[in-house]
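Both backbone and side-chain heavy atoms feed into the values below; hydrogens, waters and symmetry mates do not.
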Amino acid sequence: MRILFVASECVPFAKAGGLGDVVGALPKALKLMGHDVRVLLPRYASIDASGFVRSPHPLGVPMGSGAAWCAVYEGQLPDSEVPIYLLEHDLAFGGGRIYGGEENTLWGGVKFGILSRGGFELARWLDWKPDVFHLHDWPSAWMAPMANEIEPEFADTATVFTIHNMAHQPKFPRETLAALGMSETYFRADGLEDFGMVNPFKGALYHSTMLTTVSPRYAHEIRTPAFGCGLDGVAEFRAADLVGVLNGIDDDVWDPEKDAFVPAHFNAEDLSGKAVCKAALEARFGLDPEPRSPLFGVVSRMTSQKGLDVIGDIVERLLATGSRFVILGSGDPAYEARFIGLSHVHRGRVGAHIGYDEGLAHLIEAGSDFFLMPSRFEPCGLNQFYSQRYGTLPIVHATGGLEDTVEHADPGKRTGTGYKMFALSSDALINTIRWAVDVYRHDPELHLAMQRQAMGKEMGWDIAARSYDAIYRWAVTKRRG
């Protein structure tokens, strides 16, 4: 089957969130299944294109006012034979940022409209007609209604739209449709119209052949007012075509037995290397070396969605349990300042690093005893996967993918891969932490059993690839009648 991924992010070239991880990994797994899968990504100024070949022939992308002329670079996803194409348009993508704060302006709509319309033109340019366009969140969402309205050549190409985060729904002025060469046909309530604005996310929900989300639980949640972000009615309307597929992890990169970022390796049978990683993590943050004191880690965007306010509220009570705490992340300046302040007030027991550091992220996963992830909502999440792979038991709010991927501790059955709280509050979080610390100190056999169960889980992308293979076949059959 021929599949074209069209997306705004793809690891390792451009990443702002989990979308980039999916687009960087899932095509590789699909390629191993025998699919002819390719990826289209904007060529941001931040992308080093030295490993790509620039075509001497420009690509003209039709727009309302004429062609947007683009250069095309061809390369491969690392460690694979998956072709990736970079679409270069200096005005649209040359600013150095993936999302430049223009998401609700006419230009913001046109910018990623060039990417979406460019997906059709790339297929023509390659003389390669996909069976499926796989679209990801709002930046490539324009392709779904375009395929139904202005691209009759692709009338039998299915569109599969993956919802990574329902909350990210920029809306654009009505004149954006004309700027993209689209008619007013779909400017209506059961199309792209959303309270007088144009919402490509809504348009993709209505006009994609199939819809997926990144966890089964989230597929259910977005059909409710609490999580549907104003589009729960549309999600419910398309429920028969909506499937939740759990993300996976690149288990060649996230592997405690061969991780290049950590000072010692370990596995479920021999966890001695984890103590070495813990000591290195303590040293990295300047913590007092206390090998028997539980160490809690966080790697996160610093936003309210991730529950950073709740974590900040309980740090002193966490320290009162005799534990320590480290955090890596960036985002809301108020959260950044709060955690830096806590690291100064509680020097030797709290560590904070503002920014992102891939090596440090691996060390936190390997060296921590517990990982905090009290998200208000979480379509899927990845760090709970990484934590379990490294025997670092996650403490999560039972929502979205966190509910689907963490098995709650059961002392009676001596099972579990982490701890869940079923209501989000500072009291619920600290009480769950106290329970985890109590097991760590007074029932080490259960703690070890949970670590081993967590580390033994299958979490690779091959599982998701098999589900998507079935979804693509379903979508093609549906599209072609």
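- Legend: residues meeting salt bridge (charged side-chain N to carboxylate O under 4.0 Å, His left out) with Asp131, ordered by chain and number and at least two apart, are Arg2, Arg480.
- The aromatic ring centroids of Tyr419 and Trp435 lie less than 6.0 Å from each other.
- Arg473 has a carboxylate O that lies under 4.0 Å from a charged side-chain N of Asp469, or vice versa, which qualifies the two as a salt bridge.
- With rounding to the nearest 0.5 angstrom, the OG atom of Ser215 is 11.0 Å from the CD1 atom of Ile163.
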Salt bridge (charged side-chain N to carboxylate O under 4.0 Å, His left out) assessment of Glu74 paired with Arg54: CA-CA 6 Å; Glu74 182 176 357; Arg54 188 180 193 272; over 6 Å; no
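- Residues satisfying the side chain to side chain donor-acceptor pair (under 3.5 Å) criterion with Gln384, sequence neighbours excluded, are Thr405.
- With sequence neighbours excluded, the residues that form a salt bridge (charged side-chain N to carboxylate O under 4.0 Å, His left out) with Arg414 are Asp443.
- Residue pairs satisfying the salt bridge (Lys or Arg N to Asp or Glu O under 4.0 Å) criterion with at least one member in residues 333-350, sequence neighbours excluded, are listed as follows: Asp313-Arg338.
- Looking at Asp36 and Trp128, their side chains do bring a donor and an acceptor atom within 3.5 Å of each other.
- Considering every non-hydrogen atom in both Phe296 and Val437, the closest pair reads CZ-CG2, 3.7 Å.
- Taking the charged nitrogens against the carboxylate oxygens, Glu282 and Lys278 have no contact shorter than 4.0 Å, which rules out a salt bridge.
- A distance of 8.5 Å separates OG of Ser426 from CD1 of Ile314, quoted to the nearest 0.5 Å.
- Identified under the salt bridge (Lys or Arg N to Asp or Glu O under 4.0 Å) test for residues 42-52, with sequence neighbours left out: Arg43-Glu88.
- Side chain to side chain, Thr432 and Lys420 fail the donor-acceptor criterion of an N or O pair below 3.5 Å.
- Ser140 and Ser116 are not linked by any side-chain donor-acceptor pair at a separation below 3.5 angstrom, with hydrogens and angles left out of the test.
- Counting only heavy atoms from C-beta outward, the side chains of Val396 and Glu378 never approach each other to under 4.5 Å.
- Annotation: side chain of Ile98 is in contact with side chain of Tyr44 (closest heavy-atom distance under 4.5 Å).
- For the ring-ring contact (aromatic ring centres under 6.0 Å, His included) condition, the pairs that include at least one residue of residues 374-406, sequence neighbours left out, are Trp254-Tyr386.
- A donor and an acceptor atom, one from each side chain of Glu365 and Ser387, are located under 3.5 Å apart.
- Once rounded to the nearest 0.5 Å, the distance linking CD of Gln451 with CG of Leu446 reads 10.0 Å.
- Taking the six-membered ring for Trp and thresholds of 30 and 60 degrees, Phe261 and His362 have ring planes inclined between 30 and 60 degrees apart.
- Between Phe370 and His447, a ring centre-to-centre spacing shorter than 6.0 Å is recorded.
- Side-chain atoms of Leu115 and Leu40, non-hydrogen and from C-beta on, do get closer than 4.5 Å to each other.
- Smallest separation of non-hydrogen atoms from Cys70 and Ile114: SG-CG2, 4.1 Å.
- Looking only at side-chain heavy atoms (C-beta outward), Tyr468 and Ile3 stay at 4.5 Å or farther from each other.
- Between His408 and Phe422, the ring centre distance stays below 6.0 Å.
- No side-chain donor-acceptor contact under 3.5 Å links Thr417 and Gln453.
- When only modelled atom types and interatomic distance are considered, Tyr99 and Glu9 share a side-chain donor-acceptor pair under 3.5 Å.
- Rounding to the nearest 0.5 angstrom, the gap separating the OG1 atom in Thr399 from the CE atom in Met373 is 11.0 Å.
- Across all non-hydrogen atoms, the minimal contact from Val82 to Pro27 is CG2-O, 3.7 Å.
- The distance from atom CG of Leu26 to atom NZ of Lys31, rounded to the nearest 0.5 Å, is 14.0 Å.
- Proximity of Val39 to Val23: side-chain heavy atoms (C-beta onward) are separated by under 4.5 Å at one or more points.
- Two rings, from His136 and Phe5, have their centers less than 6.0 Å apart.
- Applying the side-chain contact (heavy atoms from CB on, under 4.5 Å) test to Ala235 and every residue at least two apart in sequence or in another chain returns Met166, Ile222, Arg223.
- Applying the salt bridge (charged side-chain N to carboxylate O under 4.0 Å, His left out) criterion to Asp332, with sequence neighbours excluded, gives no partner residue.
- With a 6.0 Å radius and a threshold of 12 heavy atoms from other residues, nucleotides or ligands, Glu358 has its CD atom above the threshold.
- Scored by the salt bridge (charged side-chain N to carboxylate O under 4.0 Å, His left out) test, Arg97 finds no partners at all (sequence neighbours excluded).
- Ring centroids of Phe13 and Phe52 are separated by less than 6.0 Å, placing the two rings close together.
- Remark: Lys457 does not engage Asp251 in a salt bridge, criterion side-chain N to carboxylate O under 4.0 Å.
- For Lys15, the side chain to side chain donor-acceptor pair (under 3.5 Å) partners are Asp21, not counting sequence neighbours.
- Contact check for Val298 versus Lys306: no side-chain heavy atoms found under the 4.5 Å cut-off.
- A ring-centre distance under 6.0 Å is not found for Phe161 and His134.
- Within the structure, salt bridge (Lys or Arg N to Asp or Glu O under 4.0 Å) pairs that include any residue of residues 284-300 comprise Arg284-Asp357 (at least two apart or interchain).
- The OG1 atom of Thr105 lies 9.0 Å from the NZ atom of Lys111; values are rounded to the nearest 0.5 Å.
- Side chains of Asp270 and Ser272: a donor-acceptor N/O pair is present below 3.5 angstrom, by distance only.
- In this structure, Cys277 and Ala264 approach most closely via the heavy-atom pair SG-O, 3.4 Å.
- Looking at residues two or more places apart in sequence or on another chain, you find no side chain to side chain donor-acceptor pair (under 3.5 Å) involving Lys28.
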